[in-house]
*Asks:* 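Structure in structure tokens, see below.
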Amino acid sequence: MMHLILGPSGSGKTFAMKEQVKRFSELNPDAKILFLVPEQFSFETERAFYYGLGAEASLRVQVLSFTRLANFIFRENGGLAGTYLNASGKAVLMNTALHEVQDTLLLYSRQAQIPAFTAAMLGTVAELKYAGISCAGVDELSKKMGKCILKDKLHDVSLIYQAYEALLSKGWLNDEDDLDRALALVRENGFFKDYTVFADGFKGFTFQELQMLEAIITQTGDCWFAFCTDRIACREDCSDLYAPVTKMVSRLISSAQKNHVPVASPIYLDKPRRFRQREIAHLQKNLFCSDGEPYQETAPHIRLFAAENRYREITLAASQIRKLVREQGVRYKDIVVICRSLEPYRPIIETVFPKYGIPVYLDTRQPILSRLIIRFTFSVLALVTGGWNTEEFLKLLKTGLAGVSMEEVSLLENYLYVWNIRGGALLKEFTENPRGFAGEKTPEDLKLLALINAAKRQVLIPLLELKRKFEEPPEKGVSDAVHKTRALYDYLISQKIHGRLPAGNERENQEHEQTWNALMDIFDQLVFSLQDTPVDGKRYVQLLQLVCAGYDEGQIPQTLDQVTVGGADRIRTNEPAAAFLIGAAEGEFPLTSEDFGLFSLMSGETPLRQH
């Protein structure tokens with residue numbers, strides 16, 4: 001039987017679900033229970049069951065996201081054998097696929113080797129997979145259309161999609177296919193027949209997830225779902241606040257009825273339980289309603305600030321945080337600051353909050369392209385594969401990782417500019433006076449010239465050896481990617497680059513370690529994904545840049561008691577004492593919808609709608 005718990009946000013649905021699990025677990029001590037939640041809620045849910053059920057009973061409840069559910073099914077029935085590609089490997093394979101079919105594309109031949117297009121195609125293919133549309137499905141959609149731009153677009157997407165899948169089929173596993181593979185096992189052996197399944201916290205499902213839910217509904221004896229909606233059918237004009245969720249509920253009910261699974265009368269929860277303050281509960285209930293009621297009383301727990309710029313906005317927030325801590329005893333860890341995008345606020349927060357003595361954790365991810373090790377690596381590769389460019393050579397020296405002192409770097413830079421050294425002249429022994437046209441060289445000049453040449457040789461000799469390795473053919477049975485990656489890795493290790501990283505504070509040291517590990521992971525993915533693909537030096541650098549451009553890093557909190565600042569799409573709060581919403585402007589909250597991938601949702605051309 002399928003059970004539904006429905007109610008608006010903050011009405012106690014999650015609490016009711018956990019009480020149902022507790023009651024069911026007590027009545028059926030040997031029962032197998034699965035509790036499905038979105039990925040970001042799994043930790044908090046597991047912790048709640050530990051404290052609510054006890055250590056022993058909580059072990060009988062498997063808290064899973066859909067990703068972990070697929071892994072759970074594979075561990076029980078097989079399916080884990082193989083090598084998964086991460087985002088880096090996928091980017092390399094997609095770019096390789098684009099390279100293969102570039103000449104046959106009708107619309108996107110010029111864009112095929114642009115890094116942003118690789119990312120867009122990865123997003124498009126992922127969207128198609130989540131919607132259950134295969135390569136053949138895209139091709140079929142294309143053939144059904146009359147001559148138009150969308151037909152050409154679908155034609156190109158179909159070719160790229162097929163080439164990408166062909167590369168994946170050479171032995172790689174794609175996590176975007178896990179639910180499809182798991183579903184086949186579920187249907188084959190009735191995996192859920194011995195389980196009772198609960199699902200909470202979802203606002204929508206992909207086609208893959210809906211297929212898995214249909215299998216759950218038909219195989220389990222009992223399944224429970226909690227949804228943030230106040231009805232099981234939408235109004236005719238779909239104007240109700242929870243219309244998308246309500247449509248999903250209707251679809252699940254239809255699926256149950258189609259498979260002859262009884263549906264219990266829904267449990268409706270309508271009293272606000274999350275907020276102790278009446279004005280906040282009223283705001284939650286009426287904010288996005290077209291017929292919302294005004295609040296007639298004073299609202300001391302809601303404050304609005306209008307600031308003329310972002311700096312003033314952050315200053316106001318910082319002063320209020322200090323007031324809460326000093327006058328009301330609120331802990332910093334119980335305060336959150338939420339914005340739509342953290343990037344415009346990041347430098348301001350890093351300046352203002354320390355002035356107020358506020359410890360802060362910025363929940364954000366930064367691209368690694370600006371990191372010291374990565375900049376050094378690409379300067380090395382630019383010299384090795386692109387010629388001896390003086391500016392690139394100086395960029396390499398100024399990273400501080402080349403093994404020469406800053407004084408020697410200054411002397412080299414002065415000499416290069418005084419004598420206008422370019423190209424191959426960089427490789428020759430320097431003989432001119434370091435002071436320029438100053439007559440005969442003095443003993444001090446000769447000593448200085450020897451120092452400059454020694455510093456230059458210290459940098460150039462390892463680079464020349466790396467260039468030789470890059471240009472020589474690999475050994476028999478060794479791919480180009482393995483050969484070049486090994487040469488680059490050996491260079492970095494021989495130059496002790498990891499040990500030359502400047503020591504800083506704990507956060508900076510953590511960043512250096514993260515970036516080094518990320519670079520090693522990128523090397524692994526390049527080697528794995530380019531096993532049989534011939535690549536020359538420039539193509540290798542292009543692929544490495546592509547992967548690094550899509551790689552970012554986050555930081556872990558440095559202390560327990562600090563204010564958390566994050567974007568609305570990333571931050572996950574757990575009953576904060578105070579929340580500051582900054583940048584609350586039209587188009588930001590709620591966010592204006594944007595197209596994803598190559599298809600425009602606004603124009604209705606997306607094949608997902610037609611499918």
*Asks:* Between atom NZ of Lys90 and atom CG of Asn174, what is the distance when rounded to the nearest 0.5 Å?
*Replies:*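 So the gap between those two atoms works out to 4.5 Å.
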
*Asks:* Using the rule given for side-chain contact (heavy atoms from CB on, under 4.5 Å), can you reason through Leu69 versus Leu34, listing the C-alpha separation, both sets of side-chain angles and the distance that settles it, and then say yes or no?
*Replies:* CA-CA 9 Å; Leu69 173 63; Leu34 295 180; 4.2 Å; yes

*Asks:* Heavy-atom distance under 4.5 Å between the side chains of Val337 and Val563, does that happen here?
*Replies:* yes

*Asks:* Calculate, to the nearest 0.5 Å, the distance between atoms OG1 and CD1 belonging to Thr246 and Ile232 respectively.
*Replies:* 9.5 Å

*Asks:* With ring centroids as reference points, do Tyr130 and Phe207 lie under 6.0 angstrom apart?
*Replies:*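 No, too far apart.
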
*Asks:* Would you compute the distance between atom CD of Glu176 and atom OG1 of Thr206 and round it to the nearest 0.5 angstrom?
*Replies:*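 Here the interatomic distance stands at 11.0 Å.
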
*Asks:* Hey, does Phe192 have a side-chain heavy atom less than 4.5 Å from the side chain of Thr218?
*Replies:*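 They are not in side-chain contact.
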
*Asks:* Is the closest side-chain heavy-atom distance between Tyr108 and Lys153 below 4.5 Å?
*Replies:*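 When only atoms from C-beta onward are counted, Lys153 and Tyr108 do touch, with a gap below 4.5 Å.
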
*Asks:* Is the count of non-hydrogen atoms from other residues, nucleotides or ligands lying under 6.0 Å from Ile302 atom CD1 greater than 12?
*Replies:*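 For Ile302, atom CD1 is crowded (more than 12 foreign heavy atoms under 6.0 Å).
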
*Asks:* In terms of heavy-atom contacts, does CG of Leu560 have more than 12 from other residues, nucleotides or ligands at under 6.0 Å?
*Replies:*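 Atom CG in Leu560 is not crowded, with 12 or fewer foreign heavy atoms closer than 6.0 Å.
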
*Asks:* Nearest heavy-atom pair of Met248 and Gly204: which atoms, and what distance?
*Replies:*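 Answer, listing the atom of Met248 first, then Gly204: CE-CA, 4.0 Å.
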
*Asks:* Under 3.5 Å, is there a donor-acceptor pair between the side chain of Glu313 and the main chain of Gly583?
*Replies:* yes

*Asks:* Could you report the tightest heavy-atom contact between Gly201 and Pro38, atom names first, then the distance?
*Replies:* O-CG, 3.3 Å

*Asks:* If every non-hydrogen atom of Met94 is compared with every non-hydrogen atom of Leu122, which pair is closest and at what distance?
*Replies:*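 That would be CB-CD2, 3.7 Å.
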
*Asks:* Does atom CZ of Arg322 have more than 12 heavy-atom neighbours from other groups under 6.0 Å away?
*Replies:* yes

*Asks:* Quick check: do Trp224 and Ile5 have side-chain heavy atoms less than 4.5 Å from each other?
*Replies:*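 A side-chain contact under 4.5 Å exists here.
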
*Asks:* For side chain to side chain donor-acceptor pair (under 3.5 Å), just list the numbers for Gln219 and Arg187, CA-CA rounded to whole Å, side-chain angles, deciding distance to a tenth of an Å, and then say yes or no.
*Replies:* CA-CA 9 Å; Gln219 292 183 12; Arg187 288 171 172 168; over 6 Å; no

*Asks:* Kindly give the heavy-atom pair with the smallest separation between Leu269 and Ala16, and that separation in Å.
*Replies:*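 Nearest pair, atom of Leu269 first, then Ala16: CD1-CB, 4.1 Å.
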
*Asks:* Yes or no on side-chain contact (heavy atoms from CB on, under 4.5 Å) for Gln366 and Asp552, after CA distance, side-chain angles and deciding distance?
*Replies:* CA-CA 5 Å; Gln366 296 293 312; Asp552 54 22; 5.8 Å; no

*Asks:* Taking all atoms of both residues into account, what is the closest heavy-atom pair of Ala226 and Asp200, and its distance?
*Replies:* CB-OD1, 3.3 Å

*Asks:* With a cut-off of 6.0 Å (strictly less than), are more than 12 heavy atoms of other residues, nucleotides or ligands near CZ of Arg365?
*Replies:* yes

*Asks:* Could you check whether any side-chain heavy atom of Met212 comes within less than 4.5 Å of a side-chain heavy atom of Val186, counting everything from C-beta outward?
*Replies:*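 Yes, side chains in contact.
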
*Asks:* Any side-chain heavy-atom pair from Ser9 and Gln284 closer than 4.5 angstrom?
*Replies:*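 Contact flag for Ser9/Gln284 side chains = yes.
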
*Asks:* Go through it in stages, so that I can follow the logic: the residues are Phe66 and Leu213, the test is side-chain contact (heavy atoms from CB on, under 4.5 Å), and I'd like the CA-CA distance, side-chain angles, deciding distance and then a yes or no.
*Replies:* CA-CA 10 Å; Phe66 276 102; Leu213 288 176; 3.9 Å; yes

*Asks:* What do the steps show when you test Leu154 against Met145 for side-chain contact (heavy atoms from CB on, under 4.5 Å), and what is the final call?
*Replies:* CA-CA 10 Å; Leu154 288 171; Met145 291 189 170; 3.7 Å; yes

*Asks:* Can Asp222 and Thr196 be counted as having a side-chain donor-acceptor contact under 3.5 angstrom?
*Replies:*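 The answer is no; no qualifying pair exists.
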
*Asks:* For Arg310 and Tyr345, indicate whether the former's side chain and the latter's backbone hold a donor-acceptor pair under 3.5 Å.
*Replies:* no

*Asks:* Counting only heavy atoms not in Lys151 (residues, nucleotides, ligands), do more than 12 fall under 6.0 Å from its NZ?
*Replies:*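 Enclosed.
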
*Asks:* May I ask you to decide if Gln277's main-chain N or O and His282's side chain share a donor-acceptor pair within less than 3.5 Å?
*Replies:* no

*Asks:* State, to 0.1 Å, how close Leu80 and Leu173 come at their nearest heavy-atom pair, and which atoms those are.
*Replies:*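 Scanning both residues completely, I find the closest heavy atoms to be O-CD1, 4.3 Å.
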
*Asks:* By the salt bridge (Lys or Arg N to Asp or Glu O under 4.0 Å) test, which pairs, at least two apart or in different chains, include something from residues 41-69?
*Replies:* Glu44-Arg47, Glu46-Arg68

*Asks:* Distance from His3 atom NE2 to Cys223 atom SG, nearest 0.5 Å?
*Replies:*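 So the gap between those two atoms works out to 7.0 Å.
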
*Asks:* Quick check on Lys193: does its NZ atom have over 12 non-hydrogen neighbours (other residues, nucleotides or ligands) under 6.0 Å away?
*Replies:*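 For Lys193, atom NZ is crowded (more than 12 foreign heavy atoms under 6.0 Å).
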
*Asks:* Between Phe191 and Asn77, is any pair of side-chain heavy atoms under 4.5 Å apart?
*Replies:*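 They are in contact (side-chain heavy atoms under 4.5 Å apart), so the answer is yes.
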
*Asks:* Does the Asn28 side chain pair with the main chain of Asp30, one donor and one acceptor, at a distance under 3.5 Å?
*Replies:* no

*Asks:* Quick check: are there more than 12 heavy atoms from other residues, nucleotides or ligands sitting under 6.0 Å from CD of Glu575?
*Replies:*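 12 or below, so no.
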
*Asks:* Is the shortest side-chain N to carboxylate O distance from Arg331 to Asp561 below 4.0 Å?
*Replies:* yes

*Asks:* Distance-only, no hydrogens or angles: does the Ser255 side chain make a donor-acceptor pair with backbone N or O of Arg251 under 3.5 Å?
*Replies:* no

*Asks:* According to side-chain contact (heavy atoms from CB on, under 4.5 Å), who are the partners of His155, at least two apart in sequence or on a separate chain?
*Replies:* Leu106, Ser142, Leu159

*Asks:* In this structure, is the centre-to-centre distance between the rings of Phe227 and Phe202 below 6.0 Å?
*Replies:*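 When the ring centroids of Phe202 and Phe227 are compared, they turn out to be at least 6.0 Å apart.
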
*Asks:* Would Arg231 count as a cation-pi partner of Tyr242, with NZ or CZ less than 6.0 Å from the six-membered ring centre and within 45° of the ring normal?
*Replies:* no

*Asks:* Keeping Asp156 on the side-chain end and Leu107 on the backbone end, is there a donor-acceptor pair under 3.5 Å?
*Replies:* yes

*Asks:* Within the 3.5 Å criterion, strictly below it, is a donor on Asn71 or Asp178 matched to an acceptor on the partner's side chain?
*Replies:*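 On atom types as modelled, these side chains do not qualify, holding no pair under 3.5 Å.
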
*Asks:* Walk me through whether Lys129 and Asp175 qualify under salt bridge (Lys or Arg N to Asp or Glu O under 4.0 Å).
*Replies:* CA-CA 11 Å; Lys129 283 179 176 288; Asp175 54 2; over 6 Å; no

*Asks:* For Phe72 and Tyr195, take the angle between the two ring planes, folded into 0 to 90°, and tell me which bin it lands in: parallel under 30, tilted 30 to 60, perpendicular over 60.
*Replies:* perpendicular

*Asks:* Side chain of Asn86, backbone of Gly89: donor and acceptor closer than 3.5 Å?
*Replies:*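 Checked: pair present.
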
*Asks:* Quick check: are there more than 12 heavy atoms from other residues, nucleotides or ligands sitting under 6.0 Å from OH of Tyr332?
*Replies:* yes

*Asks:* Does Asp334 have any salt bridge (charged side-chain N to carboxylate O under 4.0 Å, His left out) partners at least two apart in sequence or in another chain, and if so, which?
*Replies:*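 Result, salt bridge (charged side-chain N to carboxylate O under 4.0 Å, His left out) vs Asp334: none returned.
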
*Asks:* So, taking the atom named CD in Glu209 and the one named CD1 in Ile216, what distance separates them when rounded to the nearest 0.5 Å?
*Replies:*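 Glu209 atom CD to Ile216 atom CD1 measures 10.0 Å (nearest 0.5 Å).
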
*Asks:* Just how far is it from atom NZ of Lys22 to atom CZ of Phe15, taken to the nearest 0.5 Å?
*Replies:*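 So the gap between those two atoms works out to 8.0 Å.
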
*Asks:* With a 3.5 Å distance limit and no angle check, can you tell me whether Thr564 reaches the backbone of Val336 through a side-chain donor-acceptor pair?
*Replies:*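 Here the side-chain-to-backbone pair does not exist.
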
*Asks:* For the pair Phe24 and Phe198, name the ring-plane relationship: parallel under 30°, tilted 30 to 60°, perpendicular over 60°.
*Replies:* perpendicular

*Asks:* With heavy-atom distances below 4.5 Å as the criterion, would you say the side chains of Asp230 and Asp270 are in contact?
*Replies:*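 Of all side-chain heavy-atom pairs linking Asp270 with Asp230, none is under 4.5 Å.
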
